[in-house]
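First up is the structure itself, then whatever we jot down about it.
Counting convention: from 1, in listed order, for ligands and their atoms alike. None of the values given here were measured: they were computed from a predicted structure.
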Amino acid sequence: MSFSELGICPEILEAIEVLGFETPSPIQARAIPPALSGADILGLSHTGSGKTLAFSIPALECIDPGLRSVQVLCLAPTRELAVQICREVDKLALFLDGVSAAPIYGGASFGPQLAALKRGVQFVVGTPGRVIDLMEQGELRVDNISMLILDEADEMLDMGFQEDIERVVAMLPGERQTLLFSATMSPAIRKLVDSVAQNPQEIEIERPQLTVPTCEQCVYEVVFSSRIEVLSRLIEMGRMKRGLVFANTKRVVDDIVDGLLARGYAVDRLHGDMPQTLRERVMDSFRKGNLTVLVATDIAARGLDIDDVDTVVNFELPRDPEDYVHRIGRTARAGRKGRAVSFIGRRDFSLLGRLERFVGVRMQREKVMTGTQVEEVRRESLVDEILEKAATSSDLPEALRDIDMPAEQLLAAMFNLLVSKTSRELQPIPEDRPSKFARSSRGADEDGASVEKGNDWSSLQQSVTLFMNGGKLLGLRPKDIAGLFYNEGGAPKGTVGDIRLFLKHSLIEVSPEIAPQLIERLGTCHICGYEVNIREDKGRPAQSNAPYEREFRPHDRERRGASYAGRGNGNFRRDSRERQDRSERVFYDKFSRRSRRRG
Ligand code: AMP
């Protein structure tokens with residue numbers, strides 16, 4: 001099948017040709033014709049299936065270029081996705097004169113977004129919170145919207161946007177076409193579909209299995225300088241008998257090999273600059289089991305066809321999700337079990353989220369094994385080796401026969417000697433110390449030592465509280481803060497918990513492992529046009545007996561506004577409230593400017 005058979009207009013067909021797409025993907029082939037004929041669509045298809053084109057093409061076709069107002073509204077869960085969709089739409093609209101798209105998302109200044117709306121963009125792709133703001137301010141006019149698209153609807157529901165979506169939908173004209181895309185089906189999606197679409201055509205695209213279930217995928221958060229030590233610990237814990245380690249550049253491949261050779265492991269490298277004969281020799285050596293670890297770049301490993309790699313390590317995450325799939329496809333082959341371990345840094349969380357969505361698997365978060373744990377495992381495996389040897393060797397060597405010493409004492413001395421001869425001295429790394437954030441989430445065992453309570457960072461049973469010096473007086477709502485944390489802070493799904501708003505500050509529960517990243521990225525940031533600071537909550541000031549600050553309750557304002565009630569019509573009452581809100585904000589602005597000057 002070709003794109004020209006789908007009923008697409010010549011201008012878009014020309015753009016598709018320029019883009020180099022030859023055949024429509026299954027979701028495009030099945031969704032574009034009914035969508036072009038005006039049907040509502042429920043598309044169950046995953047990222048990477050080509051769904052952006054599947055909805056953008058019918059959307060562009062329903063736009064009247066002569067009308068300089070928003071005609072298509074697409075809601076997406078994140079800023080990144082909104083920007084990405086706009087890029088694709090702009091490419092498809094290359095030959096459609098006067099048609100353009102603009103992204104609208106929270107955590108960024110209103111200026112450019114308002115300018116785009118004033119310019120008359122017809123295709124708006126936005127995150128729900130900011131879309132509502134602009135709709136309520138009258139800046140995003142909805143009268144001419146004839147198509148609503150919900151992309152990654154399951155993701156939006158997971159991020160708590162259900163109410164926002166409902167609010168947006170309630171403001172849209174009833175007479176419109178709706179296209180909803182989701183990677184997964186659930187009762188919540190069904191409910192959403194029933195409320196936004198009419199007799200939608202359901203199109204399900206089976207997701208190709210990108211990774212095999214026998215491959216256990218996990219991540220360690222490790223600073224770059226600790227990675228060789230952590231890799232060595234993985235080898236020493238006996239979890240890597242034949243491992244393939246991937247790095248993104250030749251230089252890092254060389255550093256890893258040098259680091260592992262210096263620690264005495266059987267290791268070699270594969271990278272693009274090596275002559276073919278040498279590469280074949282290295283691959284052969286790895287195949288025969290002479291190497292414990294082979295370190296490679298993606299390109300160099302392409303011709304590598306070995307079935308029994310037990311562990312693949314992503315020393316660095318690949319930028320392209322396809323590379324991740326290729327890398328980890330080297331283990332867990334032919335029904336065997338395998339393990340894919342990825343090292344990530346604080347800046348890698350959003351990339352990790354993208355990889356997880358692409359492969360459709362949530363990777364297990366694991367703590368780096370401490371030196372003590374490695375020692376313990378090493379001793380246990382030494383004992384196993386001794387017992388194995390003892391089963392077959394019963395002759396006591398001549399030299400030991402006349403020694404007059406209890407067998408236990410002799411055995412202990414021999415064991416300690418063996419440990420010291422076979423053990424590498426572990427290099428201390430920052431990950432050995434309980435981090436400031438990890439500490440707050442650890443309990444203590446009976447000896448007072450710190451105890452890990454589970455490794456899943458997304459479990460907010462263990463959380464860190466962040467303090468933000470802005471609250472109800474700025475007119476903030478929990479969803480503004482959630483939007484800031486997810487979009488600007490790059491917090492992975494499910495890592496932001498309770499958000500409590502007070503008059504002048506807010507307290508936000510987050511997963512301990514994401515806290516440092518959020519503090520780093522959002523230390524000083526903007527929310528709803530105000531500059532705020534975010535830091536770890538230190539609790540109420542020590543010397544003060546005064547209440548920290550009473551939590552804001554909605555009826556407070558009702559009570560304060562009560563005197564306006566009944567003085568006139570509802571509008572007056574609302575105007576008064578708005579005036580009151582505004583005067584509070586003006587007060588807060590002056591207050592914060594003055595304290596900044598003083599500070
Ligand atoms: P999506 O699922 O929309 O995120 O698309 C995934 C990727 O596939 C994007 O990089 C698109 O540019 C690309 N793509 C979309 N449709 C096609 C097609 N028909 N042929 C080849 N690539 C495509």
Any protein N/O atoms within less than 3.5 Å of an N/O atom in ligand 1? List the atom names and distances, or say none.
residue, atom, partner, partner atom, Å
ligand 1, 2 (O), G48, N, 2.8
ligand 1, 2 (O), S49, N, 3.0
ligand 1, 2 (O), G50, N, 2.7
ligand 1, 2 (O), K51, N, 3.4
ligand 1, 3 (O), K51, N, 3.4
ligand 1, 3 (O), T52, N, 2.9
ligand 1, 3 (O), T52, OG1, 2.5
ligand 1, 16 (N), Q28, NE2, 2.7
ligand 1, 19 (N), T23, O, 2.9
ligand 1, 19 (N), Q28, OE1, 3.0

Next on the checklist: Checking F21 now: which residues fulfil ring-ring contact (aromatic ring centres under 6.0 Å, His included) with it, not counting sequence neighbours?
Outcome noted: none
If you look only at distance, which donor and acceptor atoms sit under 3.5 Å apart when one is on a side chain in residues 114-123 and the other is two or more places apart or in another chain?
residue, atom, partner, partner atom, Å
Q122, OE1, S100, N, 3.1
Q122, NE2, G98, O, 2.8

Checklist entry - Does the side-chain contact (heavy atoms from CB on, under 4.5 Å) test come out yes or no for R176 and V169, once each step is laid out? => result CA-CA 11 Å; R176 57 149 210 279; V169 172; 3.8 Å; yes
Item to check | Lys/Arg-Asp/Glu bridge criterion (N-O < 4.0 Å) met for R167, E136 | outcome: yes
Checklist entry - So, do F224 and F315 have ring centers that fall under 6.0 Å from each other? => result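 Yes; F315 has its ring centre under 6.0 Å from that of F224.
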Please table the atom pairs, donor to acceptor, closer than 3.5 Å between any side-chain atom in residues 519-527 and protein atoms at least two apart or in another chain.
residue, atom, partner, partner atom, Å
E520, OE2, R347, NH2, 2.8
R521, NH1, G489, O, 3.2
T524, OG1, N533, ND2, 3.0

